[in-house]
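Structure record follows, encoded as structure tokens.
Keep in mind that this is a model prediction, so the values were computed, not measured.
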Amino acid sequence: MRRTAALVLLSTIAPTGTIAATESVPRGVGPEFAKFYANKETFTCISNPSIVLKSSQVNDNSCDCPDGSDEPGTSACSHLDPLSPEQPLPGSVTGTTNTTRALPGFWCENKGHIGAYIPFMYVNDGVCDHELCCDGTDEALHVGGTKCENRCASIGKEYRRLQEERRQSKERSAKQRRTLVKEASELRRRVESKVASLKEEIANLEVQKAELQKKYDEVERAERGKVVKAPGEGGKLGVLVGLAKKRVDELRDTLDKVLDQRDDLQDRVDQLEDILSKLKEEYNPNFNDEGVKAAVQGYENYAAGKSTEKKSEVVDADVLEVLKEDGPDSGINWAEFQEEESSDADIVYNLEAYLPPSVRPFIHSKISSLKVWLIENGVLADNPTTGGPTESKLVKAARDALEAARAEHTTKTSQLADEERDLAKDYGPDDIFRALKGQCVSADVGEYEYELCWFDRTTQKSKKGHGNTNMGNFERITTEIADEEDRVDGKGLGKGPRMVLRFENGQGCWNGPQRRTDVWLACAEKDELWRVSESEKCVYRMEVGTPAACEDVGEPGAGTKGHDEL
């Protein structure tokens, strides 16, 4: 197969449908140019009407018209082909081959298939170009004995089969796309619902925060000036007594542990003495074992020393008396030393205790207000310390509730910001890539496995266990123009605008820039990574098929919004 590019170039000029050429027109004339060859006596050059030729001069293998219109079925004017490079030509109107042709090429009717124009240079060149001119009319002169059979029936049949497969694949791809759009729509609806819910929760939390702040302020103000002291902290003496009590308790615990260890060691000593005593009584003196004799001799010396040792045993009753808990009946009565010391402020705080019971409630409220005013204006010290050991439980509970509400408000606000950023993010047409986010597609290419994770990153994985390389992190969606021939297997970009996902700021290359990947998308029935190439150092190109890249088409029978790309 050859010259596929020429077919693509010239077939774009050919009529969209197969129009039977009139039998009276010369060979190679397309249906839309038949009117110029209707005269049986003369022929007027199409682009140069001042030049009139005899009808016999058409297709006589001599280029007589400057625009080559007199040779529609030969290669005599192929030097005027716009595909040929410019070269000096004294006989032409312009002096070069850069002359505008009147005809787009040699017309192959290709009955049973699709009519097409082919370059004039392919006409009568001794090569059967069935992929371009399946009816073989381009080799009508049989140059060199070349005879090209008409294969349009079989080629047309195969073409129609492939077209039907593409049509069915297009429908399946459209169905997959509609499914993705529905999923993406549902995911977006969930995010929008989450945003609305968070906004409502935040509004409620703001009201709750304000109420808790007011309550805390009221409780804190009401509790201000109340004397709340921890036991044993009345003054220096109270502190000293507390430390002494703690020290005595530690010593008592240590003594108890030492007695336990002593009893354990005494049990072990008794066991060893019993073993050595039996050894001394039962061993055979006539048996010549120096080790046994040495052990027996050592035990005899130990027993002799033990009998002469002066005993000074600790009486357990005395120890148990020391270990008793302190209280009014034993040890030290610490309560006698833990009476709180009074200060001048305490006298002021307890002034109402000296008043008659009948007036105490009224005076209590007035004194409380007076104490708060004195504290706020620095006249009296504020004994309670926020968060300290002297703070009342009521104030602590109010403050904890307020802080919990503040923390929850901060968390919900952060979540709302994340969800709103997600809503504002570009997920492509119809938000379709929202349904693919988090999914990955991969392919083996040579010694590496390449992976694309939608809206995340592209990765190069070594098959030899050398680790993974980040080829770029997703940044944005752009559109580029593809200009490639259609592939037989359909796994290609084709021609036209295509979505391109930009992945940037990947792992840095050795002695080079950071890696980046351009992911070109084309319509396909399923997600599939087709090809990976490195267009320049550390700049990669992935070609990926996905239903998300198909154009929007409606349900069958409901009309379409556009033409599918596949």
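No side-chain donor from either of Tyr540 and Arg516 sits under 3.5 Å from a side-chain acceptor of the other. For the residue pair Glu183 / Thr179, no side-chain donor-acceptor distance below 3.5 Å is found, with atom types taken as modelled. Side-chain atoms of Arg502 and Thr478 include a donor-acceptor pair closer than 3.5 Å. Side-chain contact of Asp217 with Gln213: a donor-acceptor pair under 3.5 Å is present, judged by distance alone. The closest side-chain donor-acceptor pair between Asp64 and Ser62 falls under 3.5 angstrom. With no hydrogens or angles considered, a side-chain donor-acceptor pair links Ser169 and Glu525 at under 3.5 Å. No side-chain N or O of Ser50 forms a donor-acceptor pair with one of Asn48 less than 3.5 Å apart. A donor-acceptor pair shorter than 3.5 Å can be found between the side chains of Glu71 and Thr74. Arg406 and Gln208 are not linked by any side-chain donor-acceptor pair at a separation below 3.5 angstrom, with hydrogens and angles left out of the test. Judged purely by distance below 3.5 Å, without hydrogens or angles, the side chains of Glu419 and Gln415 never pair a donor atom with an acceptor atom. Side-chain contact check for Tyr450 and Gln460: at least one donor-acceptor pair (N or O, by modelled atom type) lies under 3.5 Å. When only modelled atom types and interatomic distance are considered, Asn468 and Thr459 share no side-chain donor-acceptor pair under 3.5 Å.
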Show the numbers, then the answer: is there a salt bridge (charged side-chain N to carboxylate O under 4.0 Å, His left out) between Glu211 and Lys215? CA-CA 6 Å; Glu211 293 176 351; Lys215 183 176 180 180; over 6 Å; no
Given salt bridge (charged side-chain N to carboxylate O under 4.0 Å, His left out), test Arg515 with Glu504 step by step and report yes or no. CA-CA 7 Å; Arg515 289 174 171 83; Glu504 301 176 353; over 6 Å; no
Just do the disulfide bond (SG atoms under 2.5 Å apart) check on Cys77 and Cys65 with the steps written out, would you? CA-CA 9 Å; Cys77 299; Cys65 288; over 6 Å; no
Walk me through it: do Arg161 and Glu164 pass the test side chain to side chain contact (heavy atoms under 4.5 Å, CB included)? CA-CA 5 Å; Arg161 185 188 69 80; Glu164 177 60 19; 5.8 Å; no
Begin with the C-alpha distance, continue with both residues' side-chain angles, and end with the deciding distance and a verdict on salt bridge (charged side-chain N to carboxylate O under 4.0 Å, His left out) for Asp486 and Lys495. CA-CA 8 Å; Asp486 291 329; Lys495 296 179 181 294; over 6 Å; no
Salt bridge (charged side-chain N to carboxylate O under 4.0 Å, His left out) between Arg151 and Asp135, worked out: CA-CA 6 Å; Arg151 297 182 180 177; Asp135 59 8; over 6 Å; no
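Rounded to the nearest 0.5 angstrom, Asn61 CG and Asn124 CG are separated by 7.5 Å. Between the CG atom in Leu452 and the OG atom in Ser442 there is a gap of 9.5 Å [rounded to 0.5 Å]. Note: Leu416 CG to Glu420 CD = 4.0 Å, rounded to the nearest 0.5 Å. If you take OG1 on Thr413 and NZ on Lys199, they are separated by 12.0 Å, rounding to the nearest 0.5 Å. Rounding to the nearest 0.5 Å places CD of Glu451 at 10.0 Å from CZ of Arg457. If you take CG on Asp431 and CG on Leu180, they are separated by 12.0 Å, rounding to the nearest 0.5 Å.
Among pairs with a residue in residues 412-446, those fulfilling disulfide (SG to SG under 2.5 Å) read Cys440-Cys453, at least two apart in sequence or across chains. Among residue pairs with one or both ends in residues 138-176, those qualifying as disulfide (SG to SG under 2.5 Å) are Cys128-Cys148, Cys134-Cys152; sequence neighbours excluded.
Applying the side chain to side chain contact (heavy atoms under 4.5 Å, CB included) criterion to Gln176, with sequence neighbours excluded, gives Pro547. Applying the salt bridge (Lys or Arg N to Asp or Glu O under 4.0 Å) criterion to Lys194, with sequence neighbours excluded, gives no partner residue. Under the rule for a salt bridge (Lys or Arg N to Asp or Glu O under 4.0 Å), the partners of Glu192 that lie at least two apart in sequence or sit in another chain are Arg188. For Glu186, the salt bridge (Lys or Arg N to Asp or Glu O under 4.0 Å) criterion is met by Arg189, Arg190, not counting sequence neighbours.
Checked against the 6.0 Å centroid threshold, Phe106 and Tyr122 do not count as a close aromatic pair.
Inter-residue side-chain proximity for Phe433 and Met499 is flagged as met; some heavy-atom pair is nearer than 4.5 Å. Considering only heavy atoms from C-beta on, Cys45 comes within 4.5 Å of Asp67 through its side chain. Using a 4.5 Å heavy-atom threshold, the side chains of Thr137 and Glu109 count as separate. At least one side-chain heavy atom of Arg434 sits under 4.5 Å from a side-chain heavy atom of Asp422. Two residues are said to be in side-chain contact when any heavy atoms from C-beta on lie closer than 4.5 Å; Arg541 and Glu534 fail this criterion.
The closest donor-acceptor contact from the side chain of Asp129 to the backbone of Glu131 lies at 3.5 Å or more, if one exists at all. Distance alone, capped at 3.5 Å, places no donor-acceptor pair between the Asp138 side chain and the Val123 backbone. Within the 3.5 Å criterion, the main-chain N or O of Cys509 finds no donor-acceptor partner in the side chain of Lys537. Side chain of Ser414 to main chain of Thr411: no donor-acceptor pair is present (N/O by atom type, distance under 3.5 Å, no hydrogens or angles). Listed for the Asp430 side chain is no donor-acceptor partner under 3.5 Å among the backbone atoms of Ile432. Although no hydrogens or angles enter the test, the distance criterion places no donor-acceptor pair under 3.5 Å between the side chain of Thr517 and the main chain of Thr458.
Classified by interplanar angle (parallel below 30°, tilted 30° to 60°, perpendicular above 60°), the ring pair Tyr37/Phe43 is parallel. Using cut-offs of 30° and 60° on the angle between ring planes, the pair His113 and Tyr159 is perpendicular.
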